[in-house]
Asks: 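Pasting in a structure now, in structure tokens, and then I'll have a few things to ask.
Because only heavy atoms are used, hydrogens play no part in the values below, and waters and symmetry mates are left out as well, while side chains stay in. In what follows, chains carry the letters A, B, and so on, assigned in the order in which the sequence lines appear, proteins first and then strands, with residues in each chain numbered from 1.
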Amino acid sequence: MAGNIAKGAIPMDQLWQEAPERATDEPALVIDVGGFEGPLDLLLHLARSQKVDLAKISVLALAEQYLQFVESARRVRIELAADYLVMAAWLAYLKSKLLIPQQSKGQDGPSGEEMAATLAFRLKRLEAMRESATRLVNRNRLGRDVFARGAPEHIPHRVQSAFDASLYDLLSAYANLRQRQAVTQVTIEKRKVWSLSDARDLLTRMLGEISDWTALQHYLLEYLPPADRVTATASAFAASLELVREGKLEIRQDGAFQPIYMRGGSKLASAREAAVDTF
Amino acid sequence: MTPSEDPSTDEEHIAKTETFSLAEAERIAEALVFASAEPVSETLLAERLPSGLDIPALMEGLSAFYAGRGVNLIRTGDRWAFRTAADLSFVIRKDDTEARKLSRAALEVLAIIAYHQPVTRAEIEEIRGVQTSKGTLDVLMEAGWVRFRGRRRTPGRPVTLGTTPDFLDHFGLEELRDLPGLEELKGAGLLSGRIPPNFHIPLPGAVDDLQDDEDPITQMDLEELGLLTPSGEEEE
Amino acid sequence: MTPSEDPSTDEEHIAKTETFSLAEAERIAEALVFASAEPVSETLLAERLPSGLDIPALMEGLSAFYAGRGVNLIRTGDRWAFRTAADLSFVIRKDDTEARKLSRAALEVLAIIAYHQPVTRAEIEEIRGVQTSKGTLDVLMEAGWVRFRGRRRTPGRPVTLGTTPDFLDHFGLEELRDLPGLEELKGAGLLSGRIPPNFHIPLPGAVDDLQDDEDPITQMDLEELGLLTPSGEEEE
């Protein structure tokens, strides 16, 4: 097994080695994939191992490394979560866009460069949040570095209410109760099925960034284990129809059995824009 | 801070360091006593402070510093503690009853009323699967979070319950529609994934208006419910 | 406050009373805040102190007084608390007081909520590129650092998340604006969902050069990959 990843999988080797703290009693290969918080995290890790400023990474090289990683994982039969595969499909698409010289200008949809910029932005933003998290957790924290009065003499609660309860208390009490009462005799079998909502989530997440006609299915299937292909195709198709109905997606097929192209619909764009107001 | 050739300045320097470390020792003592749940013994202080210090003297000094303030450093035996100045106890004591935590039952009932309103007592019991004790509703009424809304136009004309504006206020909600729905409860990990497909959580709307099957509560009703003394004391 | 005939003596008198009552108010404020483990709101202080006082100014003054001491008066949100000086943590820290250990995911989610609030769960997922596992939010809410804020006025009305006053207190922040690096992040456009217009990535110059282990892509390959439809339909 080790021999399988010997050559051409340098990034993977690095991954195994750089994460000794992740090791527990489980087989190393599985844990290391599990140690990442999703595909962006993995990409960020790969980008860091390029040992350059994030602003200077080669997106193409990064995509290559990621695809290599997925490839190696496949070779040693590591099961990757759907998220990773979707990212692989997206990167494969990105790669093709970067490699093919721009054909006709003026086509709608982002160019490969724009897509690369989007990816770089997302990586940078994630890294910024990581750094902020570190700075936050290293502040002088109450109960660790800074202490409150050890022997308080009174508790200055709002005088208006003689009772104390937070929204969290309320909601968790309610959720617990309803859960308890819902006769949970439903045994949910662990079937390997992409649920409609899984597929919906994945499509929305990817299409958020793709406004150009894309035969996503194609890229997706490329990266799915054969056993998952049927269910993924079915769910993704059903989900895409639903998204079309909601105006969040457009679909095009040139003829029977031709690849199905899709792109973000008008509503998706506006919903995303509306969602983007911070502070 | 750097040593100098001139002995006089050196002496000055030493004096300065001593003042410095004394102030530093005071700060440490202060913080230790403040953060401790119990009065702090001079032995413990001696352990934590630079050795060779006259702890009792240090503490006496600190105590004098705090003497005129709102908080005093007082000695009990050989232990030290901060206490509110005795003459100020009136500010502290004033109705500082610690807010009571709501019981689990009360939280459940309140949540059901919030999500399912207008809801009758029988319906609450159906959802919870247990009887609601009278005290539970009383507590919620006392807190000012729950109110009688009206009467359901069904046999027995059961009273319907709902939440009050104070409820929204206390829980930081702008409107009832801000209560998280199924997806959000799931997403927050409050509901597990193992819920039956027909499981649903009501979306409370703007419920101030009586529903079609609700009658307003009348004066008679309130008296009947024992909420108003029969005489008319509405003029308050 | 009342107009008087003899300005000088009256002013003196007023000044004296003011000094007296100011010192007294300080003592009371001190006692109130000192006695409590939790931060005390300015509202509560205003209730307990003589009316007409400029509470924030009073507290700023007190805060300055305690600045160099072992116990500091600090502001968090609109509340005040006494806390041991941060530089003394080494003396006071006990081994059993280790603050709650957060998972990497929880910490990351907390940071995203703090910097991007109000933020929806979908937006958190967009930033992290991965679903937030069940229970992560639950942990943060249980710690009392994160809360449901309201709902976004967009289709589906997703619930928005934000931080709590306790979050500020725990991390020693006066206000959200004090989040480390907030301004730079904003300036760099990293707190928005959109790529800032000034965001450049140098496009891989090396992209065009094939690596040693690469063959150029041919038209054939592209068709094979399904990237181009076999016929020539580029002219649309």
Asks: For B/I112, is it the side chain, the backbone, both, or neither that has a heavy atom closer than 4.5 Å to a heavy atom of chain A?
Replies: both
Asks: Salt-bridged, B/R75 to B/E42, with N to O below 4.0 Å?
Replies: yes
Asks: Of the backbone (N, CA, C, O) and the side chain (C-beta and beyond), which part of B/F199 lies under 4.5 Å from a heavy atom of chain A, both, or neither?
Replies: side chain
Asks: Any salt bridge linking B/R149 with B/E214? Criterion: basic side-chain nitrogen under 4.0 Å from a carboxylate oxygen.
Replies: yes
Asks: Below 4.0 angstrom, N of the basic side chain to O of the carboxylate: do A/E131 and A/R135 qualify?
Replies: no
Asks: B/L173 versus chain A, heavy atoms under 4.5 Å apart: side chain, backbone, both or neither?
Replies: side chain
Asks: Answer with side chain, backbone, both or neither: which region of A/S166 has an atom nearer than 4.5 Å to a non-hydrogen atom of chain B?
Replies: backbone
Asks: Does the distance from a Lys or Arg side-chain N to an Asp or Glu carboxylate O, for B/E24 and B/R27, drop under 4.0 Å?
Replies: yes
Asks: Please confirm whether the ring centroid of A/F69 lies under 6.0 Å from the ring centroid of A/Y84.
Replies: no
Asks: Check each atom of B/V33 against the heavy atoms of chain A and say whether the ones under 4.5 Å are side chain, backbone, both or neither.
Replies: neither
Asks: Based on non-hydrogen pairs under 4.5 Å, which of B/V109, B/V139, B/L185, B/L179 is most in contact with chain A?
Replies: B/V139
Asks: Is it the backbone or the side chain of B/H116 that comes under 4.5 Å from a heavy atom of chain A, or both, or neither?
Replies: side chain
Asks: Give the ring-plane orientation class for A/Y174 versus B/Y115, where under 30° counts as parallel, over 60° as perpendicular and anything between as tilted.
Replies: parallel
